[in-house]
Asker: 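Handing you a structure now.
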Amino acid sequence: MSPFLSSADLAVTDLGRHFRSTITVGDAVDANVAALFVDYATALRTGRTDVAGLIRDHAAAIDPGLVDELDGFDYPAAA
């Protein structure tokens with residue numbers, strides 16, 4: 001989930017204002033990419049290939065290299 005969405009309800013609190021004033025663009029992008037991987041893994045684990053496909057499309061729009069990373073993130077490590 002986007003860090004901005006999770007903090008939207010906190011925007012009027014001191015915690016929300018602090019969060020929005022201290023997060024960097026890089027941190028927000030990293031959190032977004034991490035959330036993509038979590039959502040993709042969840043979709044695969046639950047058999048939701050339709051959702052996994054949508055996540056792949058979204059990843060390709062962000063950075064085409066992310067699709068390659070999604071393809072390989074759950075392969076067993078080589079010995």
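The figures here come from the full heavy-atom set of this structure, side chains too, leaving out hydrogens, waters and symmetry mates.
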Asker: Under the side chain to side chain contact (heavy atoms under 4.5 Å, CB included) rule, what do E69 and D63 come out as? Steps first, then yes or no, please.
Answerer: CA-CA 10 Å; E69 292 182 36; D63 178 1; 5.9 Å; no
Asker: Can you give me the closest heavy-atom contact between A43 and A52, atom names plus distance?
Answerer: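 Reported closest heavy-atom pair: CB-N, 3.8 Å.
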Asker: Contact between I62 and L36 at the side-chain level, heavy atoms closer than 4.5 Å - yes or no?
Answerer: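 Yes. Closest side-chain heavy atoms under 4.5 Å.
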Asker: Given the rule that I, L, V, M, F, W and Y join up when any side-chain heavy atoms are under 4.5 Å apart, are F37 and V51 in one cluster?
Answerer: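 F37 clusters together with V51.
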Asker: Can you list the steps and then say if D39 with T42 is a side chain to side chain donor-acceptor pair (under 3.5 Å)?
Answerer: CA-CA 5 Å; D39 293 344; T42 301; 5.5 Å; no
Asker: To the nearest 0.5 Å, tell me how far Y40 OH sits from I55 CD1.
Answerer: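 Between atom OH of Y40 and atom CD1 of I55 there are 8.5 Å.
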Asker: Could you measure the distance from the CG atom of L44 to the CG atom of L70? Nearest 0.5 Å is fine.
Answerer: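 Separation between the atoms: 8.5 Å.
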Asker: Among the clusters formed by ILVMFWY side chains lying less than 4.5 Å apart, do V29 and V67 turn up in the same one?
Answerer: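 Different hydrophobic clusters.
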Asker: Just so I know, are the side chains of H58 and L66 near enough to count as touching, which here means a heavy-atom distance under 4.5 Å?
Answerer: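 They are not in side-chain contact.
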